[in-house]
Amino acid sequence: MQFEKIAQALKKKEGEQVRIRGWIHRKRSSGKIIFAVVRDSSGLMQIIVEKNKVDEEEFKAAKKALIESSLEVEGIIHEDERAPGGRELHVTSIRIVGFAEDFPITENQSVEFLLDNRHLWLRSQRLTNIMKLKAQTLRAIRAWFDANDFYEVTPSVITMNAAEGGATVFSFDYFGQEAYLSQTAQMYLEAFMPSLERVWSLTPSFRAEKSRTRKHLIEYSHLEAEEAWLHNEENMQVQEELVSHVCQHVAHECSEQLEALGRNPDDLRMIEPPFKRITYRKALELLQQKGFDLAWGDDFGTPHERALMEEEEKPVFITKFPAESKAFYMKLSPDDPRTVECSDMLAPEGYGEIIGGSEREEDINSMIERLKKDGANVKNYEWYFDLRRYGSVPHSGFGLGIERLVCWLGKIDHIRDATPFPRLLRRAYP
RNA sequence: GCCGUCGUAGCUUAGUGGUGGAGCACCCGGCUGUUAACCGGGCGGUCGCCGGUUCGAAUCCGGCCGACGGCGCCA
């Protein structure tokens, strides 16, 4: 007889015989009866092992098996109100595949202990739900790009470009030369423009900033896209369609996980284009009206983002930031050279910026001027300027933080839970 | 980088100057319907590290290490 997934076994009728395999999630026993909740990747099911219904050695082994022992069982489905989920398995034969030692994670856990035991905590219902949500998020993203004629490409994460405006990089010895871990694949994506036109990539990005917040990871999953012949308004349309598609997909495919995490799937079902656009100038006025002491050129911090999103249920774009606060490659606005053609997408509920995007500057001199202002070594960017020298076209792109998106979708309060092995300040183990 | 909180058994914690206590986990015994099962017993401590004050330090002082929360930076 074939093994079935627990989710399927739970749909069987009274009296049907099934075989399942998995891990002991919870266990209680009295002298002659053992109740265990068994877990597999599809769900949980209670099994009952009674002394006089199975082989004596099998019963002894079942008694000895601690939480997280792996097992295979065969038995009969019974409907019973007392069982979690309404159905349980009356075991006729049981085999312990791997006896577990004392499982270190018990009912009381501190954040520190759980992070030290992340490889084991990954088995928890909470992280399982989050990992399923993240997998479906990525599936939705891939499906959307496929359906919209984007090519997925694979840029390197080892680079000689110290890159992106001031953000700190990890450097290392590359056979005698200094090299860096990439903070963005953007410039490489731009190189695909004349051949593939619409490209996207999912790569790890690294930020060596000593950030201590619930929305920063040292290493994160960076989704980036770049489109030829697009201005920033159309770039924003791509972003809002992509994000809306993801919301619809996970609301449909992960409603169980979302609810377990405290997110009502209806919150995501109502996310549809278009998203509101507010210029930096307008946002500044709104914040000043709300009593914030801000002047032109000041960047928005967490309290400002929260204030701007207070009454919003859908994401919002903040556009046209002052040029001096943004990267050298963002196109200066034709109608106002003090600003650039960029947009930040802010998620509702204080989750903050999930996407940063812009139209790319095509004027080499303007880029050189701005790079020099930042004290960058212009020579390193010669290859990038080549992209403008040989048939440049208007183009735009954006970068999305997968873990930040997942945090918002799943109502997760700390970004470390949106990634299996979080790299944080002073933590890269396990 | 800045501000704040904390470090006692495998885990969670009580203990503010006089021989460190509990709950959970684990082990032994009991129990044929448990839901964080229950009942009885047992095992388990360089009180983060180094130095100082004191007759005496988990407790007071100094330094170091580590963790967590928040801000800034960003996705």
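Note that the coordinates shown come from a computational prediction; the quantities given were computed from them, not determined experimentally. Chain identifiers are assigned alphabetically (A, B, ...) following the order of the sequence lines, protein sequences preceding nucleic acid strands; residue numbering begins at 1 within each chain.
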Participant: Please check the phosphate of rG69(B) (OP1 and OP2 only) for any side-chain N or O of His414(A) closer than 4.0 Å.
Facilitator: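 Yes, such a contact exists.
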Participant: Return the value, rounded to whole Å, for the distance between atom CG of Asp102(A) and atom C1' of rC26(B).
Facilitator: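 In whole Å, rC26(B) C1' lies 5 Å from Asp102(A) CG.
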Participant: Could you give the NZ-to-C1' distance, from Lys63(A) to rU32(B), as a whole number of Å?
Facilitator: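 Roughly 11 Å, once rounded to whole Å.
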Participant: Would you say Arg95(A) and Val73(A) make side-chain contact, with heavy atoms under 4.5 Å?
Facilitator: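 A side-chain contact under 4.5 Å is absent here.
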Participant: Please check the phosphate of rG72(B) (OP1 and OP2 only) for any side-chain N or O of Thr302(A) closer than 4.0 Å.
Facilitator: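 So the side chain of Thr302(A) is within the cut-off, an N or O lying under 4.0 Å from OP1 or OP2 of rG72(B).
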Participant: Quick one: what's the B/S/- string for nucleotides 42-47 of chain B, heavy-atom cutoff under 4.0 Å, read 5' to 3'?
Facilitator: ------
Participant: With a 4.0 Å limit, can you tell me whether Arg207(A) has a side-chain N or O closer than that to the phosphate oxygens OP1/OP2 of rG72(B)?
Facilitator: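 Looking at the OP1 and OP2 atoms of rG72(B), neither is under 4.0 Å from any side-chain N or O of Arg207(A).
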Participant: Would you check if there is a donor-acceptor pair between the side chains of Glu74(A) and Gln17(A) at a distance under 3.5 Å?
Facilitator: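 There is such a pair between these side chains.
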Participant: Measure centre to centre between the rings of Trp296(A) and Tyr280(A), then say whether the value is under 6.0 Å.
Facilitator: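 Between Tyr280(A) and Trp296(A), which both carry aromatic rings, the centre distance is below 6.0 Å.
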Participant: Think Arg427(A) has a side-chain N or O under 4.0 angstrom from the OP1 or OP2 of rC68(B)?
Facilitator: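 Yes, such a contact exists.
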Participant: Can a donor-acceptor pair be found between the side chains of Tyr188(A) and Glu190(A) at a distance below 3.5 Å?
Facilitator: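 The answer is no; no qualifying pair exists.
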Participant: Mind calculating the distance between CD1 (Ile105(A)) and P (rU12(B)) to the nearest angstrom?
Facilitator: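 About 11 Å, once rounded to whole Å.
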Participant: Tell me if the side-chain of Arg404(A) makes a donor-acceptor pair with the base of rC74(B), cut-off 3.5 Å, by modelled atom types.
Facilitator: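 When only heavy-atom distances are counted, Arg404(A) does reach the base of rC74(B) through a donor-acceptor pair under 3.5 Å.
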Participant: Using distance alone, with no hydrogens and no angle criterion, decide if Tyr220(A) and Arg423(A) have a side-chain donor and acceptor under 3.5 Å apart.
Facilitator: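 There is no such pair (donor and acceptor under 3.5 Å, judged by atom type) between the side chains of Tyr220(A) and Arg423(A).
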Participant: When you compare the side chain of Arg126(A) with that of Ile412(A), does any pair of heavy atoms fall below 4.5 Å?
Facilitator: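 Yes, their side chains come closer than 4.5 Å.
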Participant: Stacking between rG33(B) and Phe35(A), yes or no? Criterion: centroid separation under 5.5 angstrom, plane angle under 30 degrees.
Facilitator: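 No, aromatic ring not over the base.
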